[in-house]
Amino acid sequence: MFGTALHGLALLLSVVHGCHGFPSNKSTQPEKPFRLVYTPAHIVKHVTRDVTFRCENVEHSASRLEVSRIRMLKKKASGWDLVAQFRDNDDEPSVKMDVKGSAKIGQDVRDAFLEVVWDLASEDTFGTYMCDIIGFDEITFDSLIERTSEVTIFEGNVTASDLMDLLLELKNNLSSIENEPGDTASLQKDVDDMHLKIDSAIRNVTSLAVNFDTFSDEANVMKQAVKYIDTEIKHLKDKANSIDKNMKLLNETAKSVEVEVSSLEVDISSFDGEIGALENTVDSMTKKTNLLEKKVENLSGEVAHLLSLTKSGDKIPQDLSFGSITTNSANDVSWPGGWYSLLLTKAGCPSQEPFTGLSDLHLRARTNSRTYFFCETSGGFNARPWPDGSYCVNKMFGLPCPAGFQFGKVNVSSANASIFVFKDLPTEFEFCCKTSGSFNAPMVLPTHSDFVLYRRGGECQQVESMKASSKVTVLSIGDVQSVHSRVKTGVLPDVDISPGSPMKFRICYYNKM
């Protein structure tokens, strides 16, 4: 922390000697993979034109982030306000201030940027800004957010008198550290060096005051640097107090340890009797374990008999001595892992992991005023894989398909849907499809609640202990007169795209037999 104060004072001295401005893009901290930069270096309200702020990747930096969104934020008293943002499926960034925006998110993270431009500097231009870059780790697929350092843009001029007052106040605060309790001897050299630097700054400001009535905007930045150093010295003072408190706490802890050691010696003397009792308990537990193993062997024989009846088609007796055992293994399975979503049924979303709830992305049916939502998952990569078959699910926006699925999408240009309408979303429909098996081979999925899969291959995929609805449900998306083009890419579910008729996706509704 004290080293940061020295760095800030060095910035102050560079302005006093050369008036080169505050190097806002330099830091003593390790370089972050993204940064926020602005041009020009000197900004005057109602004078400077083409003021540009840019969030960008730092050249040669290491980041495994696959970007899906970039945001630029401005600090307010109540928190951070959105200035502009850009998603990887947007045509252009959305802005919340009187600025022009441009952005790009590509395959290479080094190409990602978000830029806003003020035609003329205004009151809103000045303040503290930050960017956050949102996506997921390209190796682990975990959610990931990278943030730039905060950058403050100042305005106005500073007089030599103002700066001299700040330096003298800084010198007084620094002197008070010498009288604080604690191990100040280890800090004395740094304190002395800081005194020398402040004295040098006072001489330079005095010399500049002879020739200038006011400083330029670089001097205003220098004033902020002095205040920053003052804050760091207060932190140093707190550190000295903390050292003293820690020493007292350490002494108290040492005394407490002595008491605990004495108590431990007493406890050790009683362990021999407890160990003897534990040995007797272990012997008893061994006998109970042997008895339990015999019961398990008997139960295994009964289970084997039950399975043989199931395979032979014989009716399972209901008076088995070991209780009621269901042969529907789907009741005990969990939903497969990966990122995906299913259409919400009238029974609701599955309650099991990895489903997290409803998405705010939805289709609205005009024919019966019914709203369709998506049930989204949280990833669940420790869960079992999806079984082989011929079917499709919805792809979660900006995230990869589950393992073993193939990607596909349909783009509908300028659609005004007559049956279902995507609100506030591009007309692009993405899917994840399985093609590794036959729909005639039943697969095992949970049977606790109803669910929906997209049909692929002309027939509904068979699911053990579940039946598809006798009437195939059709989702019609798009008004023929308003659709300019439809483009299919990759592997898709059964979809009808015919001239003169709406586009139709066919789905299969499953409920328990």
Are K45 and E123 within salt-bridge range, i.e. N to O under 4.0 Å? yes
Closest non-hydrogen contact found for V44 with F126 is C-CZ, 4.3 Å
Quick one: OG on S68 to CD1 on I133, what's the gap to the nearest 0.5 Å? 11.0 Å
Cysteine SG atoms at C392 and C432 closer than 2.5 Å: no
Could you check V393 against Y454 for side-chain contact (heavy atoms from CB on, under 4.5 Å), going step by step and ending with a plain yes or no? CA-CA 6 Å; V393 296; Y454 286 91; 5.6 Å; no
Enter the distance from N411:CG to K488:NZ here, rounded to the nearest 0.5 Å. 12.5 Å
Does C375 reach the side chain of T345, with side-chain heavy atoms less than 4.5 Å apart? no
Do the side chains of D81 and K74 get close enough for a salt bridge, i.e. N-O under 4.0 angstrom? no
With a 4.5 Å cut-off on side-chain heavy atoms, are N394 and F374 touching? yes
Does W80 form a ring pair (Phe, Tyr, Trp, His ring centres under 6.0 Å) with Y129? I'd like the steps, not just the answer. CA-CA 9 Å; W80 290 91; Y129 294 82; 8.6 Å; no
More than 12 non-hydrogen atoms from neighbouring residues, nucleotides or ligands closer than 6.0 Å to CG on N251, yes or no? yes
Name every donor-acceptor pair, under 3.5 Å, that has one atom in a side chain of residues 111-119 and the other anywhere in the protein, sequence neighbours excluded.
{"from": "E115", "atom 1": "OE1", "to": "R54", "atom 2": "NH1", "distance (Å)": "3.0"}
{"from": "D119", "atom 1": "OD1", "to": "K100", "atom 2": "NZ", "distance (Å)": "3.2"}

Please examine the side chains of I105 and I70, heavy atoms only from C-beta on, and report whether any two atoms are closer than 4.5 Å. yes
Beyond-backbone contact of Y340 with W335, side-chain heavy atoms, under 4.5 angstrom: yes
To check you understand the geometry: which heavy-atom pair defines the closest contact between P402 and G337, and what is its length? CB-O, 3.8 Å
Heavy-atom neighbours of D199 CG exceed 12 at 6.0 Å: yes
What class does the angle between the rings of F405 and W386 fall in, given that below 30° is parallel, 30 to 60° is tilted and above 60° is perpendicular? perpendicular
With side-chain contact (heavy atoms from CB on, under 4.5 Å) as the test, would you mind laying out the steps for L453 and I507 before giving the verdict? CA-CA 6 Å; L453 298 176; I507 63 175; over 6 Å; no
Counting C-beta onward and ignoring hydrogens, is there a side-chain heavy-atom pair between L36 and E56 closer than 4.5 Å? no
With no hydrogens and no angle check, is any side-chain donor or acceptor of N246 less than 3.5 Å from a backbone partner on S242? yes
To check you understand the geometry: which heavy-atom pair defines the closest contact between M396 and S341, and what is its length? CG-N, 4.1 Å
Is any side-chain heavy atom of L82 closer than 4.5 Å to a side-chain heavy atom of L73? yes
Minimum heavy-atom distance between V151 and I153, given as atom pair plus value: CG1-CD1, 4.0 Å
Polar side-chain atom of T148 near backbone of C131 as donor-acceptor pair, under 3.5 Å: yes
Evaluate the criterion side-chain contact (heavy atoms from CB on, under 4.5 Å) for residue pair V333 and L445; output intermediate values, then yes/no. CA-CA 7 Å; V333 301; L445 289 177; 5.7 Å; no
Have D450 and Y510 got a donor and an acceptor in their side chains that come within less than 3.5 Å? no
Working note: Y38 + I43, criterion side-chain contact (heavy atoms from CB on, under 4.5 Å); need CA distance, chi angles, decisive distance, verdict. CA-CA 10 Å; Y38 66 91; I43 303 173; 4.0 Å; yes
Would you say the side-chain atoms of T377 pair up with the backbone N or O of G338, donor to acceptor, closer than 3.5 Å? yes
When rounded to the nearest 0.5 angstrom, what distance separates CD1 in I134 from CZ in R87? 8.0 Å
Here the gap from S94 atom OG to Q85 atom CD, rounded to the nearest 0.5 Å, amounts to 4.5 Å
Quick check: does any side chain N or O of S256 sit under 3.5 Å from a backbone N or O of E252, one acting as donor and the other as acceptor? no
Where is the tightest heavy-atom contact between V95 and A84, given as atom of each residue plus distance? CG1-CB, 3.9 Å
4.5 Å side-chain heavy-atom contact, E146 and D132: no
Please confirm whether the ring centroid of F505 lies under 6.0 Å from the ring centroid of F431. yes
Before accepting this row, confirm whether a basic side-chain N of the pair E430/K409 lies closer than 4.0 Å to the acidic partner's carboxylate O. no
Sub-3.5 Å donor-acceptor pair from the side chain of K255 to the main-chain atoms of V259, do we have one? no
How long is the span from the CH2 atom in W339 to the NZ atom in K395, to the nearest 0.5 Å? 10.5 Å
Measure the shortest side-chain to side-chain distance between K75 and E150 over non-hydrogen atoms and say whether it is less than 4.5 angstrom. yes
For P40 and T48, the nearest pair of non-hydrogen atoms, with its separation, is CG-CG2, 3.6 Å
Gap separating the NZ atom of K104 from the CG atom of D88, nearest 0.5 angstrom: 13.5 Å
